[in-house]
Chemist: 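Sharing a structure here in structure tokens format.
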Amino acid sequence: MKPSVDYSVYLVTDSTAAILGDADLAQVVEAAVRGGTTVVQYREKNSDTGALIETAKRLLQVTRRLGVPLLINDRVDVALAIGCEGVHIGQDDIDIASSRRLLGPDAIIGVTASTKEEAITAAAAGADYLGIGTVFATQTKDNSKHIIGTAGLRSILDSLAEAGHGATATVCIGGINASNVQRVLYQSAAPSKHLDGVAVVSAIVAVADPEAASRNLATLVRDPPPFASGLPLDPSSTAGSASISARDILAEVPGVIRAVAETAPLSHNMTNLVVQNFSANVALAIGASPIMANYAEEAADLARLGGALVVNMGTVTPDGLENYLQALRAYNAAGRPVVYDPVGAGATAVRRAAVRRIMAGGYLDVIKGNEGEITTVLGEDATQVQQKGVDSAPSGLDVTARARLVRRLAARERNVVLMTGAIDVVSDGTRTFAVSNGHPLMGEVTGTGCALGTTVSAFLAAQRRPNGGEDGDRLAGVVAALLHYEIAAERAAVRSDVQGPGTFVPAFLDELARIRRMTVEGDLKWLEAAE
Ligand code: 3NM
Ligand code: MG
């Protein structure tokens, strides 16, 4: 009978000096399996057949003793010679039917796939599982054909399910490690199919303590991701709420504003030099507790205080970027929300590179930016969007086209995306809203976009319970932040004491605070204010 395989932590070996160092492969495999590795693939590209069989036999002793399957990369003959559980074959290797004929019906046969076509063809030909990749660029394998990212993974999983291969097991491979594994599993999950596990090389073989690394990965794969506690893991479960109307969202607004005022959540800003003071004042006006702290060594402690992080790359530096990434990991690990403001994302090569690092660096609950910035974050071809400076430019697209971009990015990242402009567009990938509040004076004052990121962070923090779970709807939280902010601007702009951008700023802070007070006291008719 074919053994049933737990694919959750799939170790692929590598004996090269750069990865294995001077460790003994069998000892590394033993430590890994003790830690929680559930399946081992022996992958060796440079040995003679005799040596391959020798090592494979040693590994099989370990895996048999510890009760996990051993698969051999590429070499059906070696698998036959030692009598292990099966093989893993690449697209350029022996075909599935021949492998099956040689190994018999009970052998485990896995296949590498990097496209929908490859995945469906292999599943149809009887592959027991698919290794899908390359997810992220990795130094472990330099000839990987396609970098597919989490969105590519999801579309392959989706096609498999659609083609009737929902039952074929899947793991992903390429650049997976402890800091990205949970968001990869979360972001790659298609409505009716998710990964069964992750395959890693360097995250286990190249570390000092393979047992601890393996144990950590096993926990991360099995536990729900802290950043998504309270969020539906299965994206299809949001489909039921797709019909939620603007009115339903609006009904949640006063509650979130009150929650911010009552809990005074920490808004940890790693933000640019220009807007620190203004953003801190906006945070105070809405009732949040701001801290402007750019040194990431503090992030783990700050993340425990129940707040949220803003990563605003308005004055990005090499040092700053490393700090953002470390803080992002800390907030992800603590399950606290992160708002990303990709300021000037398309302006320079440095910023485009920073976007890629940050997007690959962790899970971002909200991405907030103007049209150029969101387009850059979305665009595979980042060079198409050449921005001048970091100011918001007049919109080139109509609201429908902008909504499409926003929805696409939110669906891809499984988060909420907010595109600011004369009409703001916000989406969680399923539900998309346009908000036309606000005032042109906001465009004449620096930092109004950045301080909106701060505001959103406070609202998300107030919604997320300390032990995970969400009070209300994350999209509603973002809409609430947006409305509080934009309506304060409208009210400030029409005041008789406001004559221009200079007098607008203090009036705007006053109105932010006034809306907070009136909402807490129940004196503001929210549905009317937002019409
Ligand atoms: N196959 P690491 S990527 C062996 O894309 C292998 O098919 C890949 O190594 C594929 O976990 C890869 O160190 C190497 O990034 C993965
Ligand atoms: Mg191969």
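Nothing fancy with the numbering, it's 1 onward along the sequence. Ligands are counted one by one from 1 in listed order, and the atoms in each one are counted from 1 as well.
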Chemist: Could you check which of Ile204, Val198, Thr134, Ile176 puts a non-hydrogen atom nearest to atom 5 (O) of ligand 1?
Modeler: Thr134
Chemist: Which of the numbered atoms in ligand 1 are under 4.0 angstrom from any heavy atom belonging to Thr140?
Modeler: 2 (P), 9 (O), 13 (O), 14 (C), 15 (O)
Chemist: Do the rings of Tyr331 and His268 sit parallel, tilted or perpendicular, given the 30° and 60° boundaries?
Modeler: tilted
Chemist: Is there a side-chain contact between Leu195 and Tyr7, using heavy atoms and a 4.5 Å cut-off?
Modeler: no
Chemist: Give the atom numbers and elements of ligand 1 that come within less than 4.0 Å of a heavy atom of Thr112.
Modeler: 7 (O)
Chemist: Please answer whether the main-chain N or O of Ser8 pairs with a side-chain N or O of Asp6 as donor and acceptor at a distance below 3.5 Å.
Modeler: yes
Chemist: With a cutoff of 4.0 Å, is Gly175 in contact with ligand 1, counting heavy atoms of the residue only?
Modeler: yes
Chemist: Rounded to the nearest 0.5 Å, what separates atom CG in Leu321 from atom CD1 in Ile358?
Modeler: 5.5 Å
Chemist: Give yes or no for whether the N/O distance cutoff of 3.5 Å, strictly under, is met between Ser202 and ligand 1.
Modeler: yes
Chemist: Output yes when the distance from some N or O of ligand 1 to some N or O of Arg43 is under 3.5 Å, and no in every other case.
Modeler: no
Chemist: Looking at Arg336 and Leu309, would you say the former's side chain and the latter's main chain have a donor-acceptor pair under 3.5 Å?
Modeler: no
Chemist: For Val200, counting its heavy atoms only, list the atoms of ligand 1 lying under 4.0 Å from any of them.
Modeler: 11 (O)
Chemist: Rounded at 0.5 Å granularity, tell me how far CD1 in Ile96 sits from OG1 in Thr121.
Modeler: 8.5 Å
Chemist: In Å, rounded to the nearest 0.5 Å, how long is the span from CD1 of Ile19 to CD of Gln139?
Modeler: 8.5 Å
Chemist: Which option, Thr138, Asn73, Ile173, owns the non-hydrogen atom nearest atom 6 (C) of ligand 1?
Modeler: Ile173
Chemist: With respect to atom 11 (O) of ligand 1, which of Val201, Val205, Ile147 exhibits the smallest heavy-atom separation?
Modeler: Val201
Chemist: Going by distance only, is there an N or O of Gly174 that falls short of 3.5 Å from an N or O of ligand 1?
Modeler: no
